[in-house]
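So that the names make sense, note that chain A is the first sequence line, chain B the second, and so on, each numbered from 1.
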Amino acid sequence: MGDWGTQFGMIIYGYKHFVDAAAYERQPVVELGRLYRLVRQLMDVQEAQSQLPVAVAKVEQLTQSSLAAREAAAVAPAGEPLKRAEKTARLAADQRRSAEAERDSWQARCEAAARDGELSARLAAHPDVETSVLRETAKLHAGDADNRRLWQTFLPSCRADIQRIYDRLHVTFDHELGESFYHERCAPVLEALQSAGMAVDSQGALCVFLDGFETPMIVRKRDGAYLYATTDLATLQYRVETWQPAAILYVVDFRQSEHFAKLFAAVRQWGYTQIDLRHISFGTVLGKDGRPYKTRSGDTVGLDGLLDEAVHKAHEVVSQNDDGKPDGPELSAEQRQHIAQVIGMAALKYADLSQNRTSDYEYSPEKMLSLQGNTATYMQYSFARVHGIFAKGNIDPQVLRQRPECLHLTSPAERSLGLALLRFAEALDDALSDYRPNQLTQYLFDLAKRFSTFFEECPVLRADTPAERDSRLMLCDLTARTIQQGLELLGIQVVQKM
RNA sequence: GCGCCCGUGGCGCAAUUGGAUAGCGCAUCGGUCUUCGGAACCGAGGGUUGCAGGUUCGAAUCCUGCCGGGCGUACCA
């Protein structure tokens, strides 16, 4: 958990220069959020200002080489050389265009900042915020009294704010140790690496050079600060000492695969050869523009808003459906609210988990909040239907479960459903073998579809014989329990009425 | 430049890791329908799996080369 990184340097810098004491007094997290965004904005503009001339020069250079490539193509002899030259020219033109686009976007940001008087004044008063922020971060890490004190007062409210989201998502931890916990363990790790001859000085930084990698894994910056890799090494050592794990899974965006490849290589060389270390990488969430999705303006705001939207939309559908009941509405306002919570969260989680873990996907609220087709709602609906039958028939499933011999599969729909039920264990194995939750979602959707067919074709309470009725009730119960168990493994709840 | 990943009906995705006629959802079209809960069911159309070779009894999957896209690449995480 990132309780120690640059984001705290940003907040500390913001607090020292821009805090609104009264606002902080009233709502600390809101004010700290504002400060974070403010500092972020200053850093972004200054990045744009420093990148602009670089981009301009790059456009100039690429324009030259593009011209040269076109001239070369004009005089190239026909055949293979011409094709090659044309391709080079095309590539050069593409590069020039994308450089121009980049230049324009830096320029637009600079101009927007220039039009904002207050922002311009701040930029003038605070040149190079990024360096200042890094300095605050370094001071925090070095034990500076002021920064430590600020960090200690900020941390609880920041942590509590994040907890709100975890609570909404029902995410809990068995152990929780932040980056800060490992800080004091970093120096001994580096000493060990140095005495093992693995870590050496290079250009002022402490580096581990590894076979098969062009660049080293840097474990201590020139300015003395530790990095991501340092904490990862200390964390691994601590975990081995404390829990003797057989395997450690790192569930992290695939863009960090090189980092983990280096980390694992270093760790094995260090002597930890018995642990199964795995980077469970996943694809990037993309915005509408196909670029990685970011909430530059804040941190958890985007997610919070999405959760609200999911619940709100589910509430609309629940209400609409309940109002349309033949005998009038059945649900209280509280029930509707609870159902909307469960269904909305489920839709979001399912949208994420039903995707192939390794592929990118586009952040699209419309799709993520859909309640039709291959969605959690479909499974939850099956579960609720079973409870509808049990309620209407006054059935106690516990009684059924005493006599499993009552199960008889005669019609094709019953047989198809029964076969799917038997495959549950197999689906779990599939999901587990390569850490792919979508194997499980796919199974559950298949099961629920078969149940729908069964439900349509096979009357349960009005079955022809008591034996058939009992058998079908049993199938219903098994289906409901399988769906409930499967969804629970995905962190998704069910409701008896919806 | 080097490295990693991706390309599957209009759109979004699967494919038991090399097996049988490539599946599903949305969308489209057509049916069911005074329901054990229609947030449903049944059916139809739509594919040369980016292109070209190769390996194999068998390729969406493995190899090679193109085309197109994404990401990473020395002190961010």
Side-chain angles (χ1 to χ4, degrees), chain A residues 2 5-7 83 87 94 130 133-134 137 179 202-207 209 212-232 252-259 261 281 283-284 286 290-292 314 317-318 320-322 324-327 330 343 351 354-356 358-362 364 366-367 370-375 377-378 380-382 384-393 395 413 423 426-427 429-431 433-434 436 438-439 441-443 445-446 448-449 451-463 469 472-473 476 497-498:
Chain A
T6 312
Q7 68 270 33
K83 271 172 74 181
K87 188 184 161 190
D94 281 353
E130 185 176 7
V133 161
L134 285 179
T137 311
E179 258 184 288
S202 171
Q203 298 177 27
L206 192 64
C207 298
F209 288 89
F213 294 95
E214 275 192 27
T215 55
M217 179 169 80
I218 299 175
V219 290
R220 193 180 60 209
K221 296 200 288 179
R222 201 177 328 188
D223 66 7
Y226 304 132
L227 297 111
Y228 189 27
T230 327
T231 312
D232 274 340
V252 184
D253 190 313
F254 83 97
R255 284 174 293 182
Q256 293 181 37
S257 49
E258 192 177 349
H259 164 72
S281 69
T284 309
L286 306 174
R291 315 288 306 170
V317 177
V318 170
Q320 190 190 333
N321 190 56
D322 194 40
K325 290 267 169 64
D327 303 327
E330 296 172 1
I343 306 243
S354 59
Q355 192 99 176
N356 182 324
T358 56
S359 52
D360 294 350
Y361 71 90
E362 188 182 312
S364 157
E366 304 83 62
K367 273 175 212 148
S370 166
L371 304 180
Q372 251 143 28
N374 185 357
T375 61
T377 312
Y378 188 84
Q380 290 170 319
Y381 185 61
S382 299
R385 279 175 140 181
V386 170
H387 274 273
I389 294 175
F390 286 173
K392 182 138 188 171
I395 308 294
R423 282 194 43 246
E426 191 185 324
D429 283 342
D430 286 347
S433 70
D434 196 28
R436 292 182 184 274
N438 69 311
Q439 298 280 2
T441 62
Q442 208 166 351
Y443 165 79
F445 183 55
D446 177 63
K449 267 196 301 188
F451 175 74
S452 285
T453 303
F454 159 81
F455 183 87
E456 204 73 21
E457 291 180 9
C458 305
V460 179
L461 294 176
R462 294 175 311 185
R469 185 180 124 120
R472 289 177 177 173
L473 282 167
C476 287
K497 281 184 171 183
M498 60 188 272

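For the pair A:Q355 CD and B:rC11 C1', the computed distance is 13 Å after rounding to whole Å. One can place OH of A:Y381 at 11 Å from C1' of B:rC36, the figure rounded to the nearest angstrom. Rounded to a whole Å, the CD atom of A:Q380 is 13 Å from the P atom of B:rA40. Rounding to whole angstrom units, CD of residue A:Q442 and C1' of B:rA15 are separated by 7 Å.
Partners of A:E330 according to the salt bridge (Lys or Arg N to Asp or Glu O under 4.0 Å) rule, which considers only residues two or more places apart in sequence or in another chain, are A:K325. Residues forming a side chain to side chain contact (heavy atoms under 4.5 Å, CB included) with A:S433 (at least two apart in sequence, or on another chain): none. Residues forming a side chain to side chain contact (heavy atoms under 4.5 Å, CB included) with A:A431 (at least two apart in sequence, or on another chain): A:Q439, A:L440.
For A:M498, whose side chain is taken as the heavy atoms from C-beta onward, the closest listed nucleotide among B:rG72, B:rG37, B:rC41 is B:rG37. For A:Q203, counting side-chain heavy atoms from C-beta on, the closest listed nucleotide (B:rA39, B:rU16, B:rA74) is B:rA74. Nearest to the side-chain atoms of A:S359 among the listed nucleotides B:rC41, B:rC36, B:rC13 stands B:rC13. Checked against B:rC76, B:rA39, B:rC41, the side chain of A:L227 finds its nearest nucleotide in B:rC76. Candidate nucleotides B:rA39, B:rC36, B:rC13 were compared by shortest atom distance to the side chain of A:I389, and B:rC36 ranks first. Closest approach to the A:K367 side chain among B:rG12, B:rA39, B:rG37 is made by B:rG12 (side chain taken as heavy atoms from C-beta onward). With distances taken from any side-chain atom of A:T6 to the nucleotides B:rA39, B:rC76, B:rG37, the minimum falls on B:rC76. Between B:rC71, B:rC36, B:rC41, one nucleotide has an atom nearer to the side chain of A:R255 than all others, and that is B:rC71. Closest to the A:E258 side chain, of the nucleotides B:rC36, B:rU73, B:rA74, is B:rU73. Residue A:K497 places its side chain closer to B:rG37 than to any other of B:rG37, B:rA77, B:rC36.
Here the side chain of A:T453 pairs a donor or acceptor atom with the backbone of A:K449 at under 3.5 angstrom. At least one donor-acceptor pair under 3.5 Å links the side chain of A:Q7 to the backbone N or O of A:G2. Checking side-chain atoms of A:R472 against main-chain N and O of A:P459 turns up a donor-acceptor pair under 3.5 Å.
For the P atoms, the distance linking B:rA74 with B:rC13 amounts to 31 Å, nearest Å. Between B:rC66 and B:rG23, the distance separating the two C1' atoms is 30 Å to the nearest Å. The gap from the C1' atom of B:rG47 to that of B:rG12 amounts to 16 Å, rounded to the nearest Å. The gap from the P atom of B:rU28 to that of B:rC11 amounts to 16 Å, rounded to the nearest Å. Here the separation of B:rG46 from B:rG10, taken at their P atoms, is 12 Å to the nearest Å. B:rU21 sits 15 Å from B:rU48 when the C1' atoms are compared, rounded to a whole Å. Comparing the P positions of B:rC42 and B:rC5 gives an interatomic distance of 40 Å, to the nearest angstrom. Comparing the same atom, C1', in B:rG45 and in B:rC29 gives a spacing of 8 Å after rounding to whole Å.
Taking the ring centre of A:Y226 as origin, the terminal cationic atom of A:R220 falls outside the region bounded by 6.0 Å and 45° from the ring axis.
At a threshold of 4.0 angstrom between heavy atoms, the contacts of A:C458 include nucleobase atoms, whether or not backbone atoms are also involved. Among the heavy atoms of the strands, none lies under 4.0 Å from A:D429. Nucleic acid contact for A:G5: none, since no nucleic acid atom lies under 4.0 Å from a heavy atom of the residue. The residue A:A225 sits apart from the nucleic acid: no heavy atom pair falls under 4.0 Å. Among the atoms of the strands shown, none is found under 4.0 Å from any heavy atom of A:M217. Among the protein residues, A:Q320 comes within range of no part of the nucleic acid, since none of its heavy atoms lies under 4.0 Å from any strand. Counting any heavy atom pair closer than 4.0 Å across all strands shown, A:S202 reaches a base atom.
A donor and an acceptor atom, one from each side chain of A:Y381 and A:S452, are nowhere located under 3.5 Å apart. Defined by atom type and a distance below 3.5 Å, a donor-acceptor pair is missing between the side-chain atoms of A:Y378 and A:Q372.
Place A:R385 and A:S354 on RNA chain B by their nearest nucleotides, and A:S354 ends up nearer the 5' end. For the pair A:T377 and A:F209, both in contact range of RNA chain B, the more 5′-proximal nearest nucleotide belongs to A:T377.
Across every non-hydrogen atom of A:G5 and A:E179, the tightest pair is N-OE1, 4.1 Å.
Under the 90° criterion around 0 for the glycosidic angle, B:rU48 counts as anti.
When Watson-Crick and G-U wobble pairs are counted only if both distances are under 3.5 Å, B:rC41 pairs with B:rG31. When both pairing distances are held under 3.5 Å, B:rG68 makes a Watson-Crick or G-U pair with B:rC6. B:rG47 is unpaired under the criterion used here, namely a Watson-Crick or G-U wobble arrangement in which both key atom distances are under 3.5 Å. When both distances must be under 3.5 Å, the Watson-Crick or G-U wobble mate of B:rU73 is B:rG1. The partner of B:rG23 is B:rC13, by the rule that a Watson-Crick or G-U pair needs both atom distances under 3.5 Å. Base pairing of B:rC36: no nucleotide in any strand meets the Watson-Crick or G-U wobble criterion (both distances under 3.5 Å).
Taking a 6.0 Å sphere around CD of A:E130, one finds it holds 12 or fewer heavy atoms contributed by other residues, nucleotides or ligands.
Side-chain nitrogen and oxygen atoms of A:S452 include at least one within less than 4.0 Å of the OP1 or OP2 phosphate oxygen of B:rC41. For the pair A:Y228 and B:rA77, the criterion of a side-chain N or O lying under 4.0 Å from OP1 or OP2 is not met.
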Starting at the 5' end of nucleotides 17-22 of chain B, put B wherever the base has a protein heavy atom under 4.0 Å, S where only the sugar-phosphate does, and a dash everywhere else. B-----
Produce a footprint string for nucleotides 24-29 of chain B: one letter per nucleotide, 5' end first; B if the base is under 4.0 Å from any protein heavy atom, S if only the sugar-phosphate is, - if neither. SSS---
Residues A:F209, A:S202; criterion side chain to side chain contact (heavy atoms under 4.5 Å, CB included); working and verdict: CA-CA 10 Å; A:F209 288 89; A:S202 171; 3.9 Å; yes
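Note that the CD1 atom of A:I218 and the OG1 atom of A:T230 stand 9.5 Å from one another [nearest 0.5 Å]. Once rounded to the nearest 0.5 Å, the distance linking OG1 of A:T441 with CZ of A:R436 reads 12.0 Å. One distance of note links CG of A:D232 with CD of A:Q256; it measures 9.0 Å at 0.5 Å rounding. We find the CG-CG distance between A:D434 and A:D429 to be 13.0 Å, quoted to the nearest 0.5 Å.
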Below 3.5 Å between N/O atoms, which protein atoms pair up with nucleotides 2-10 of chain B? Just atom names and distances, please.
| unit_1 | atom_1 | unit_2 | atom_2 | d |
| --- | --- | --- | --- | --- |
| B:rC2 | O2' | A:E214 | OE2 | 3.4 |

